[in-house]
Engineer: 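Let me begin by handing over the structure; questions about it come next.
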Amino acid sequence: MDSKPKIGIFVGSFDPYTIGHDSIVRRILPLFDRLVIGVGVNMQKKYRYSEEERIKAIGDLYADEPRISVKSYHDLAVDFAKREGAKYLIKGVRSVKDFEYEREQADINRQIGGIDTILLFADPGMASVSSSLVRELLHYGADASMFLPQRKTDHTK
């Protein structure tokens, strides 16, 4: 039996990190000893939030969960996964369109890096929630708080 810890990598740009992303993390966490949330940075892409802001927001959300760490990466997800010692990439799927894209990515990631991908379907109530939708709402000054995870606080202290 393999005694190495099971490490999963959940990757995305997370600009911003939504309740859909949080749902995937909370549902997948029981399968792993350690989960690394990888904040992807592509210098050709324009982000609403800086790399540091995204890492801090996600890190604050899981501050009480020692199995979760948040790191950025500037290269291929498979290379990031290898550096972290992970054998699995985790991706959320909201639609058939997402599924086809993620299936193609999974095939390539397995071929070039030997990394398997676990696809987790979005909760039906969150299938329409996307970072781009939230960015658009924020751009126009709309309240998007219902789509952004809130850190749970302990009211017993």
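Throughout, residue positions are numbered sequentially from 1 according to the sequence presented.
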Engineer: Between CD of Glu102 and CZ of Arg94, what distance do you get to the nearest 0.5 Å?
Structural biologist: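 Answer rounded to 0.5 Å: 9.5 Å.
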Engineer: Any side-chain heavy atom of Leu35 sitting closer than 4.5 Å to one from Ile90?
Structural biologist: yes
Engineer: Group every Ile, Leu, Val, Met, Phe, Trp and Tyr by side-chain heavy-atom contacts under 4.5 Å, then state whether Ile28 and Leu61 land in the same group.
Structural biologist: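 Both belong to a single hydrophobic cluster.
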Engineer: Among Glu53, His21, Arg135, find the one that has a side-chain contact (heavy atoms from CB on, under 4.5 Å) with Pro16.
Structural biologist: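 Filter result, single survivor: Arg135.
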Engineer: Rounded to the nearest 0.5 Å, how far apart are CG of Asp79 and CG of Asn109?
Structural biologist: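 Rounded to the nearest 0.5 Å, the CG-CG separation comes out at 9.5 Å.
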Engineer: Tyr140 and Leu133: same hydrophobic cluster, using ILVMFWY side-chain contacts below 4.5 Å?
Structural biologist: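 Each belongs to a different hydrophobic cluster.
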Engineer: Taking the side chain as C-beta and beyond, is there a heavy-atom pair between Lys87 and Ile7 under 4.5 Å?
Structural biologist: no
Engineer: Mind checking whether Val36 and Val70 sit in one hydrophobic cluster, side chains of I, L, V, M, F, W, Y counted as touching below 4.5 Å?
Structural biologist: no
Engineer: Is there side-chain contact between Ile112 and Leu76, with at least one heavy-atom pair below 4.5 Å?
Structural biologist: yes
Engineer: Answer yes or no: are there more than 12 heavy-atom neighbours, outside Arg48 itself, under 6.0 Å from its atom CZ?
Structural biologist: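 Yes, CZ of Arg48 has more than 12 neighbouring heavy atoms, counting only those of other groups under 6.0 Å.
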Engineer: Side chain of Gln150, backbone of Leu148: donor and acceptor closer than 3.5 Å?
Structural biologist: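 At least one qualifying donor-acceptor pair exists.
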Engineer: Between Arg54 and Asp15, does a side-chain contact (heavy atoms from CB on, under 4.5 Å) hold up when you go through it step by step?
Structural biologist: CA-CA 7 Å; Arg54 290 179 281 154; Asp15 184 39; 3.9 Å; yes
Engineer: Has Asp123 got a side-chain atom pairing as donor or acceptor with Gly125's backbone, closer than 3.5 angstrom?
Structural biologist: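 Checked: no pair found.
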Engineer: Looking at every non-hydrogen atom in both residues, tell me the closest pair between Asp143 and Ser145 and how far apart they are.
Structural biologist: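 Closest pair (atom of Asp143, atom of Ser145, distance): OD1-OG, 2.7 Å.
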Engineer: By the ring pair (Phe, Tyr, Trp, His ring centres under 6.0 Å) test, which pairs, at least two apart or in different chains, include something from residues 29-53?
Structural biologist: Phe32-Tyr88
Engineer: Ignoring hydrogens, what is the shortest heavy-atom contact between Ser13 and Val39? Give both atom names and the distance.
Structural biologist: O-CG1, 3.9 Å
Engineer: Counting neighbours of CD on Glu100 that are heavy atoms of other residues, nucleotides or ligands and sit closer than 6.0 Å, is the number greater than 12?
Structural biologist: yes
Engineer: With a 4.5 Å cut-off on side-chain heavy atoms, are Glu65 and Leu29 touching?
Structural biologist: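 Sidechains of Glu65 and Leu29: in contact.
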Engineer: How many angstroms lie between CD1 in Ile115 and CD1 in Ile108, if you round to the nearest 0.5 Å?
Structural biologist: 14.0 Å
Engineer: With a 4.5 Å heavy-atom cut-off, do Ser23 and Met126 have their side chains touching?
Structural biologist: yes
Engineer: Please find the pair of heavy atoms, one from Ala127 and one from Ala122, that lie closest to each other, and give the distance.
Structural biologist: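 So the minimum-distance heavy-atom pair works out to CA-CB, 4.4 Å.
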Engineer: Let me see the working for Leu120 and Arg27 under side-chain contact (heavy atoms from CB on, under 4.5 Å), right down to the final yes or no.
Structural biologist: CA-CA 9 Å; Leu120 199 61; Arg27 290 167 51 211; 3.6 Å; yes
Engineer: Do the rings of Phe99 and Phe121 sit parallel, tilted or perpendicular, given the 30° and 60° boundaries?
Structural biologist: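 Phe99 vs Phe121 ring planes: parallel.
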Engineer: Less than 4.5 Å apart, side chain to side chain, heavy atoms only: is that true for Ser72 and Glu52?
Structural biologist: no
Engineer: Relative to the ring of Phe14, is the ring of Phe10 parallel (under 30°), tilted (30 to 60°) or perpendicular (over 60°)?
Structural biologist: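 The rings of Phe10 and Phe14 sit tilted, inter-plane angle from 30° to 60°.
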Engineer: Got Tyr101 and Gln105 here, is their nearest side-chain heavy-atom distance under 4.5 Å?
Structural biologist: yes
Engineer: Going only through I, L, V, M, F, W and Y residues with side-chain contacts under 4.5 Å, is there a path from Phe147 to Ile24?
Structural biologist: no
Engineer: Walk me through whether Arg67 and Asp33 qualify under side-chain contact (heavy atoms from CB on, under 4.5 Å).
Structural biologist: CA-CA 7 Å; Arg67 295 176 296 162; Asp33 299 311; 6.0 Å; no
Engineer: What ring pair (Phe, Tyr, Trp, His ring centres under 6.0 Å) pairs are there with at least one residue in residues 52-82, not counting sequence neighbours?
Structural biologist: Tyr73-Phe80
Engineer: So Arg83 and Asp75, side-chain contact (heavy atoms from CB on, under 4.5 Å) or not? Walk me through it.
Structural biologist: CA-CA 11 Å; Arg83 282 195 306 278; Asp75 53 352; 2.6 Å; yes
Engineer: Nearest 0.5 Å, please: how far is OG in Ser69 from CD1 in Ile9?
Structural biologist: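 It comes to 7.5 Å.
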